[in-house]
**Student:** 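Okay, here's the structure, questions in a sec.
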Number of protein chains: 4
Amino acid sequence: MSKGTVILAYSGGLDTSCILVWLKEQGYDVIAFLANIGQDEDFEAARIKAEKLGAKKVFIEDLRSEFVEDFIWPSVQANAVYEDRYLLGTAIARPCIARSQVEIARREGAQFVSHGATGKADSLTLSVGAVQIIAPWRIPDFYNRFRGRTDLMEYAQKHGIPVPVTPKAPWSMDANLMHISYESGILENPKSHAPADLYLMTKNPEDSPNTPDVLEIEFGNGVPLKVTNVKEGKSKNSPLDIFSYLNEIGGKHGVGRIDIVENRFIGMKSRGIYETPGGTILLQAHLDIETFTMDKEVRRIKQGLGIKFSELVYNGFWYSPECDFVRHCINKSQENVQGKVQLSVFKGQVYILGRESPKSLYNEELVSMDVQGNYDPCDASGFIRINAVRLREHHRLQGVSSIKK
Amino acid sequence: MSKGTVILAYSGGLDTSCILVWLKEQGYDVIAFLANIGQDEDFEAARIKAEKLGAKKVFIEDLRSEFVEDFIWPSVQANAVYEDRYLLGTAIARPCIARSQVEIARREGAQFVSHGATGKADSLTLSVGAVQIIAPWRIPDFYNRFRGRTDLMEYAQKHGIPVPVTPKAPWSMDANLMHISYESGILENPKSHAPADLYLMTKNPEDSPNTPDVLEIEFGNGVPLKVTNVKEGKSKNSPLDIFSYLNEIGGKHGVGRIDIVENRFIGMKSRGIYETPGGTILLQAHLDIETFTMDKEVRRIKQGLGIKFSELVYNGFWYSPECDFVRHCINKSQENVQGKVQLSVFKGQVYILGRESPKSLYNEELVSMDVQGNYDPCDASGFIRINAVRLREHHRLQGVSSIKK
Amino acid sequence: MSKGTVILAYSGGLDTSCILVWLKEQGYDVIAFLANIGQDEDFEAARIKAEKLGAKKVFIEDLRSEFVEDFIWPSVQANAVYEDRYLLGTAIARPCIARSQVEIARREGAQFVSHGATGKADSLTLSVGAVQIIAPWRIPDFYNRFRGRTDLMEYAQKHGIPVPVTPKAPWSMDANLMHISYESGILENPKSHAPADLYLMTKNPEDSPNTPDVLEIEFGNGVPLKVTNVKEGKSKNSPLDIFSYLNEIGGKHGVGRIDIVENRFIGMKSRGIYETPGGTILLQAHLDIETFTMDKEVRRIKQGLGIKFSELVYNGFWYSPECDFVRHCINKSQENVQGKVQLSVFKGQVYILGRESPKSLYNEELVSMDVQGNYDPCDASGFIRINAVRLREHHRLQGVSSIKK
Amino acid sequence: MSKGTVILAYSGGLDTSCILVWLKEQGYDVIAFLANIGQDEDFEAARIKAEKLGAKKVFIEDLRSEFVEDFIWPSVQANAVYEDRYLLGTAIARPCIARSQVEIARREGAQFVSHGATGKADSLTLSVGAVQIIAPWRIPDFYNRFRGRTDLMEYAQKHGIPVPVTPKAPWSMDANLMHISYESGILENPKSHAPADLYLMTKNPEDSPNTPDVLEIEFGNGVPLKVTNVKEGKSKNSPLDIFSYLNEIGGKHGVGRIDIVENRFIGMKSRGIYETPGGTILLQAHLDIETFTMDKEVRRIKQGLGIKFSELVYNGFWYSPECDFVRHCINKSQENVQGKVQLSVFKGQVYILGRESPKSLYNEELVSMDVQGNYDPCDASGFIRINAVRLREHHRLQGVSSIKK
């Protein structure tokens with residue numbers, strides 16, 4: 001008798017193929033679930049493979065639009081950057097996949113979900129769904145049996161699992177619409193440079209075009225509504241089209257490559273290389289239109305919330321009360337974040353060129369007065385003197401002025 | 001009888017020349033003070049001019065080394081960036097100049113200091129010195145008399161002040177070792193693009209070399225100790241030499257150009273264009289070595305302090321108890337921030353290539369285990385399950401799961 | 001011809017009576033505005049006085065209910081405490097009064113509002129209304145004429161303004177439904193104790209009843225819906241009644257007296273003595289029900305927002321985009337803050353006795369398991385070991401353990 | 001052959017007596033370690049008991065002075081309060097005990113430490129010492145064998161462990177110099193009131209003296225240097241004497257009782273009742289002298305660090321790089337926190353009466369000027385108008401004024 005049904009996040013690769021067969025061995029019915037979040041993959045081949053290996057059903061879900069609208073857009077609103085550099089491409093894909101996987105489990109009446117990840121955050125993200133998680137890489141029976149790639153290969157040959165013919169790249173990779181990440185293997189030495197042929201999503205800036213593309217991105221409620229290639233006149237309007245086009249332009253010009261060491265949730269540091277072409281363009285554009293239309297002090301509070309958001313998402317807490325709360329607050333802050341930003345994309349860089357907005361808080365006249373020196377000079381003096389009261393008193397009462405060398 | 005002696009921050013330009021003469025008219029003895037903080041200026045010509053206009057003494061102070069060591073280095077430690085983009089080149093020069101000006105006032109027994117700035121922050125920075133500030137652009141007698149450039153020109157002609165022959169640029173500029181800023185004039189329209197010939201410190205990336213320079217920057221206590229051009233073998237060791245060399249390389253490759261709208265202290269937004277070549281390289285390199293050697297949680301706390309530092313410096317509060325406190329804490333956090341970062345500079349971009357450190361908290365073995373999936377899987381499961389307790393309970397007790405669409 | 005109409009916040013006292021007459025002297029039409037925010041005052045006598053002094057109209061507005069609902073309730077939601085101690089009784093009354101004053105100006109077509117305050121925050125609060133502010137205590141013509149109480153007395157006698165017969169208390173006072181504050185005069189010496197007979201709103205705990213009152217406060221959306229005196233069975237339901245009753249009980253038992261030195265917006269420290277009976281009870285009760293029903297991590301974020309809220313309100317920024325934003329976020333956080341708290345009020349203290357809620361996140365069973373030691377001990381071990389990875393690595397790699405003396 | 005030596009944190013109670021014997025059964029040599037941190041306990045009786053049960057050695061360490069100086073004092077400097085209410089009495093004792101236990105392990109060459117706690121934080125605190133932790137309540141062999149008190153009793157009888165004759169209180173208790181905590185058992189129902197006879201450290205305020213004690217506490221570097229009973233003239237000077245005396249006075253007047261629900265590290269809520277007499281007095285006194293002598297803006301930054309400190313300590317991270325860092329920063333902030341605070345202790349309350357300090361930043365003259373209205377009124381107007389620029393512009397450009405109802 002079956003122990004129940006498992007929705008397995010299946011990639012078609014060696015690991016999850018072995019897991020599929022192993023789960024069946026353990027007495028489960030397995031439904032394979034393939035999430036299309038923009039990675040370059042032959043989904044139909046994977047379907048056939050899963051079926052051949054004994055999956056009762058195979059679901060291939062095109063999640064690209066909801067990935068952009070429900071996960072990338074909130075990250076754009078938040079200016080989400082983990083530890084000042086990483087744009088969270090892997091982390092925001094997780095809740096998108098988990099949501100769909102849990103939904104299928106619900107629909108199919110499955111009690112279990114499973115995945116081939118070792119990452120802690122995958123299970124954490126899944127853990128709010130009312131299902132049990134089977135994470136083989138954390139189950140002694142499994143990980144003691146499969147101690148390395150060789151064990152997997154043997155098992156595969158024994159069970160008729162097609163074995164990959166091309167040798168495994170000397171690093172691991174995670175790809176989706178937002179980014180590709182590269183880590184482990186030869187990249188683990190933090191000192192050694194990444195090979196030039198690593199990158200799949202972006203051109204090497206040394207080989208990228210010698211003339212920039214100029215884009216105009218229009219925002220409403222802090223998210224892109226339209227992108228226009230100013231010279232070509234071409235434009236995109238739907239979220240998925242906009243983001244894909246930004247990836248195309250960013251990729252063409254080599255935008256969004258970083259090589260970092262980051263702090264994992266579980267307290268160790270790891271080295272990762274990322275390319276996030278569209279996301280990098282959007283981050284710059286959003287920062288610009290946001291500062292243009294948002295009150296200074298709201299911006300300061302929201303900046304703190306954005307940093308919090310990034311940490312939560314990185315750590316796998318997308319589905320948590322605090323992340324819900326922070327997203328709500330950030331979304332509220334975006335009410336007036338609308339307008340157009342012009343920027344140029346060239347040789348790995350994004351250059352902001354100008355911006356305009358019906359909700360601009362920029363007042364050209366006021367600025368102009370100030371610069372000419374005739375902006376209420378008495379007020380300014382009063383403002384300074386009142387601000388200086390505290391500083392003078394402090395230096396008078398508590399000792400030597402810090403202005404001395 | 002003299003009303004007393006004024007130390008005037010003198011630039012040699014029309015404004016401060018008029019102020020010099022005007023202060024004398026008002027009955028003050030004037031000492032001209034020129035701070036060399038790396039701007040491109042003919043200091044000797046300015047000295048002769050000041051003497052001719054009646055300055056009792058002229059002091060030209062080469063502050064470049066102390067500017068780098070006492071002001072740029074702490075900003076590097078802080079990863080100081082105002083509103084996510086501006087590297088504070090003008091703001092950190094102010095306390096450097098003010099300190100020297102106040103010191104001269106002390107040495108010369110002067111009761112007054114004066115400057116030609118309209119900026120509020122200049123006076124605030126000076127206000128902690130035990131001197132009185134004369135800010136003509138905020139004195140009715142002065143600003144009512146000089147309502148525009150024409151008034152200054154007339155006054156200059158009348159008083160034998162040499163009038164500039166070249167027409168004024170249609171924007172204003174502030175230059176020092178750290179950066180050049182451009183604002184006002186035709187730049188006030190936030191939508192209009194900056195002219196291509198605006199930039200003086202950096203090459204247009206379209207015209208910059210087609211091959212990168214690769215640098216190795218060595219850090220100790222969070223500040224650069226040495227920079228080496230890896231291909232050329234050339235290296236620099238003193239703070240001023242290091243920073244100047246980074247400016248040279250950054251400038252050559254067009255690094256550090258931004259066009260932003262920022263929030264001024266006094267609550268209005270203004271548009272500024274900046275080029276900060278060396279500072280931009282250092283920010284990237286420091287971020288990298290810091291994350292590599294600093295504990296994750298210390299980093300989070302320090303990140304908040306760095307944002308605070310940036311706001312304080314921007315607003316003119318370098319000499320304040322809170323900025324002293326924050327600098328102390330940030331400096332403490334840098335104790336183990338040492339090691340070498342390799343990076344490539346190319347076409348406006350800085351690419352981190354690798355890093356190493358005797359104080360690294362990166363543990364290659366630990367990372368490796370984790371990736372292979374055999375890192376204490378039971379511990380990881382426990383960690384996740386405990387983290388999930390709160391999330392599950394929340395969803396159980398307070399309603400519909402947020403994982404649903 | 002009239003210079004226009006001024007809405008003067010009139011108290012009936014010497015200062016604002018002189019201002020009323022002085023404004024007329026200056027050529028303004030004056031409308032007197034008295035806000036009833038719960039202070040003990042003879043409003044009708046003030047009306048007659050204002051009319052006698054030449055006010056064109058007199059408006060007495062009973063703002064007590066809106067003070068409680070629109071200003072005290074949001075402060076309760078925020079756990080608003082300035083600098084860990086002050087419950088902001090004066091600061092939250094200001095926007096309530098200003099709103100009404102600006103509304104009357106709008107209704108009456110007046111271009112000006114005026115007040116007798118020296119406090120900076122009053123004008124700041126008013127400054128967002130589309131009216132001009134006349135703050136005589138900051139107008140040279142006025143404050144040079146009235147350099148002390150004697151000048152006011154003389155002016156009063158000359159202009160038929162009734163002069164107070166009772167001597168002025170040797171301190172100043174500000175009273176409303178929320179609190180009474182005492183400052184200046186003999187209280188300015190921070191070392192000297194406040195006189196025992198100072199307090200008007202609360203009994204001296206030494207003389208208060210020897211048996212406690214036990215209250216049950218019911219909350220919904222983070223604000224009180226009902227208060228019941230458990231022994232007497234008496235209960236109150238409307239916001240104004242609830243708050244007034246809490247003042248009564250708190251006052252009877254001497255609750256809410258503090259003597260503090262606080263930091264003013266303008267950078268100086270000042271000594272204030274406050275009594276806030278009802279507010280103090282509510283703060284304790286709200287803290288309790290909030291922690292009971294709010295997720296831990298939401299609470300941490302919200303705690304930071306509450307501190308921000310308190311600073312903003314104290315500084316006069318109630319009507320600012322950032323305070324609007326923070327209030328919105330805090331209100332969002334209160335969605336599930338409902339339930340009942342029982343507490344005892346006795347001799348200046350509030351003791352929480354117990355709490356219950358349909359939205360409780362407290363799980364008695366879970367707690368119980370944990371305490372008995374049989375709560376998933378393996379999970380807990382894993383949780384600890386994973387948390388310890390970072391600590392161990394840090395001590396191993398960066399030196400001497402901090403556990404040593 | 002012995003598996004090695006274990007330093008067991010031994011209390012003399014049933015649990016740790018069983019653990020002692022069980023560890024021996026498992027093949028360990030056991031050294032019993034009793035930490036005197038001020039709890040009321042018969043240490044000699046425990047020594048005899050431990051020896052009788054087979055402990056190879058028994059160490060009784062009087063840690064009271066170091067508990068006060070190294071753990072309570074830093075918490076006073078931090079104004080450490082967890083979730084706005086809990087003064088962390090249990091949490092700050094843990095690192096004190098752990099430090100001593102690890103030190104003994106080092107001295108005795110022991111490879112293991114053990115404790116009878118189920119609390120996660122105990123093990124986390126110990127985990128930075130270079131020893132292995134044996135936490136029986138998380139070891140399956142142990143916790144499966146001892147599923148309840150009955151199992152322990154049986155085991156005790158079988159192994160000659162003296163069984164307690166008095167029935168166990170229907171709650172559990174943790175006592176030290178700082179506080180006594182009560183939790184679990186009948187207290188687990190968050191609605192039910194705590195029994196009146198629960199409290200051991202403080203008098204019921206209903207029965208406490210009818211006249212206050214007035215104390216003067218003198219601070220230096222943010223910690224108490226001396227406490228004087230003003231009426232009696234009695235004073236204490238050493239840290240331990242000062243803290244013990246504050247406990248005595250606080251206890252006599254029923255100060256420091258709270259009943260709260262708090263959020264545990266592991267994400268569940270728990271109900272605790274605490275009495276912290278001396279700590280509560282010190283918190284109030286320190287808050288007062290700190291605000292009196294510390295710059296306003298430093299205070300704001302330090303307040304955030306204090307909240308962080310409290311969370312870290314609560315979660316068991318005393319020995320972590322971030323807690324080291326935060327303690328260092330907080331200590332730095334206390335440099336000028338010196339002076340005397342007078343306060344009265346009465347019926348459960350602490351009333352601040354006055355304060356004085358050679359480092360005061362309070363300027364009576366400045367305050368006085370301000371109140372009289374002749375403090376640079378033009379400056380104040382300028383200050384307000386500049387602050388209002390942003391608010392006015394925001395309301396003008398982004399819509400309806402929030403001042404409207």
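Letters A, B, ... mirror the listed sequences (proteins, then strands); counts begin at 1.
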**Student:** What part of B:Asn189 lies closer than 4.5 angstrom to a heavy atom of chain A: side chain, backbone, both or neither?
**Tutor:** both
**Student:** Is a side-chain donor or acceptor of A:Ser100 paired with a backbone partner of A:Cys96 at a separation under 3.5 angstrom?
**Tutor:**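 No, A:Ser100 side chain to A:Cys96 backbone: no donor-acceptor pair under 3.5 Å.
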**Student:** Identify which of A:Ser357, A:Gly354, A:Pro321 forms the greatest number of heavy-atom pairs closer than 4.5 Å to chain B.
**Tutor:**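 The option with the most such pairs is A:Pro321.
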**Student:** Is a side-chain donor or acceptor of B:Lys308 paired with a backbone partner of B:Cys323 at a separation under 3.5 angstrom?
**Tutor:**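 Looks like no, no N/O pair under 3.5 Å.
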**Student:** Taking the six-membered ring for Trp, are A:Trp137 and A:Phe146 parallel (under 30°), tilted (30 to 60°) or perpendicular (over 60°)?
**Tutor:**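 Ring orientation of A:Trp137 relative to A:Phe146: perpendicular.
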**Student:** Where does B:Thr291 contact chain A at under 4.5 Å (heavy atoms): side chain, backbone, both or neither?
**Tutor:**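 Its backbone and side chain both get close to chain A.
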**Student:** What part of B:Glu206 is in contact with chain A, defined as an atom under 4.5 angstrom from a non-hydrogen atom: side chain, backbone, both or neither?
**Tutor:**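 Backbone plus side chain of B:Glu206, per the 4.5 Å heavy-atom cut-off to chain A.
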**Student:** Under 3.5 Å, side chain of A:Lys347 to main-chain N/O of A:Asn210, donor-acceptor pair present?
**Tutor:** no
**Student:** Under a 4.5 Å heavy-atom cut-off, does chain A meet the side chain of B:Arg300, its backbone, both or neither?
**Tutor:** side chain
**Student:** Where on B:Glu66 is there a heavy atom nearer than 4.5 Å to chain A: the side chain, the backbone, both, or neither?
**Tutor:**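 For B:Glu66, the contact with chain A is made by the side chain alone.
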**Student:** Identify which part of B:Ile307 has an atom lying under 4.5 Å from any heavy atom of chain A, answering side chain, backbone, both or neither.
**Tutor:**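 Contact with chain A: side chain only.
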**Student:** Check salt bridge (charged side-chain N to carboxylate O under 4.0 Å, His left out) between B:Arg392 and all other residues, then give those that pass, not counting sequence neighbours.
**Tutor:** none
**Student:** If you count heavy-atom pairs under 4.5 Å with chain A, which of B:Pro190, B:Ala388, B:Ser192 comes out on top?
**Tutor:** B:Pro190
**Student:** Would you mind checking which part of B:Tyr351 comes under 4.5 Å of any heavy atom in chain A, side chain (CB onward), backbone (N, CA, C, O), both or neither?
**Tutor:** side chain
**Student:** Could you check A:Arg264 against A:Glu183 for salt bridge (Lys or Arg N to Asp or Glu O under 4.0 Å), going step by step and ending with a plain yes or no?
**Tutor:** CA-CA 13 Å; A:Arg264 294 255 186 97; A:Glu183 59 170 28; 3.6 Å; yes
**Student:** Taking every heavy-atom pair that is under 4.5 Å apart, which of B:Ile133, B:Val261, B:Asp295 has the most such pairs with chain A?
**Tutor:**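 Heavy-atom pair counts peak at B:Val261.
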**Student:** Taking A:Lys340 for its side chain and A:Arg355 for its backbone only, find out whether a donor-acceptor pair lies under 3.5 Å.
**Tutor:** no
**Student:** Quick one: what part of A:Glu322 sits under 4.5 Å from any heavy atom of chain B, side chain, backbone, both or neither?
**Tutor:**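 Contact with chain B: side chain only.
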**Student:** Under a 4.5 Å cutoff for heavy-atom pairs, which residue among A:Lys191, A:Gln303, A:Arg149, A:Arg390 has the most contacts with chain B?
**Tutor:**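 Winner by heavy-atom pair count: A:Lys191.
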**Student:** Out of curiosity, A:Ile260 CD1 to B:Ile352 CD1, how far, rounded to the nearest 0.5 Å?
**Tutor:**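 One finds 10.5 Å between CD1 of A:Ile260 and CD1 of B:Ile352.
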**Student:** Less than 4.5 Å to any heavy atom of chain A: does that hold for the side chain of B:Gln342, its backbone, both, or neither?
**Tutor:** side chain
**Student:** Is the ring pair B:Phe317/B:Phe265 parallel, tilted or perpendicular, if the boundaries are 30 and 60 degrees?
**Tutor:** perpendicular
**Student:** Just give me the residue among A:Arg299, A:Glu103, A:Glu297, A:Arg257 that pairs up with chain B most often, heavy atom to heavy atom, under 4.5 Å.
**Tutor:** A:Arg299
**Student:** Is the B:Tyr86 ring parallel, tilted or perpendicular to the B:Tyr82 ring (thresholds 30°, 60°)?
**Tutor:** perpendicular
**Student:** For the interface with chain A, which of B:Asn263, B:Asp70, B:Ile273, B:Val341 has the highest count of heavy-atom pairs at distances below 4.5 Å?
**Tutor:**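 Heavy-atom pairs under 4.5 Å are most numerous for B:Asn263.
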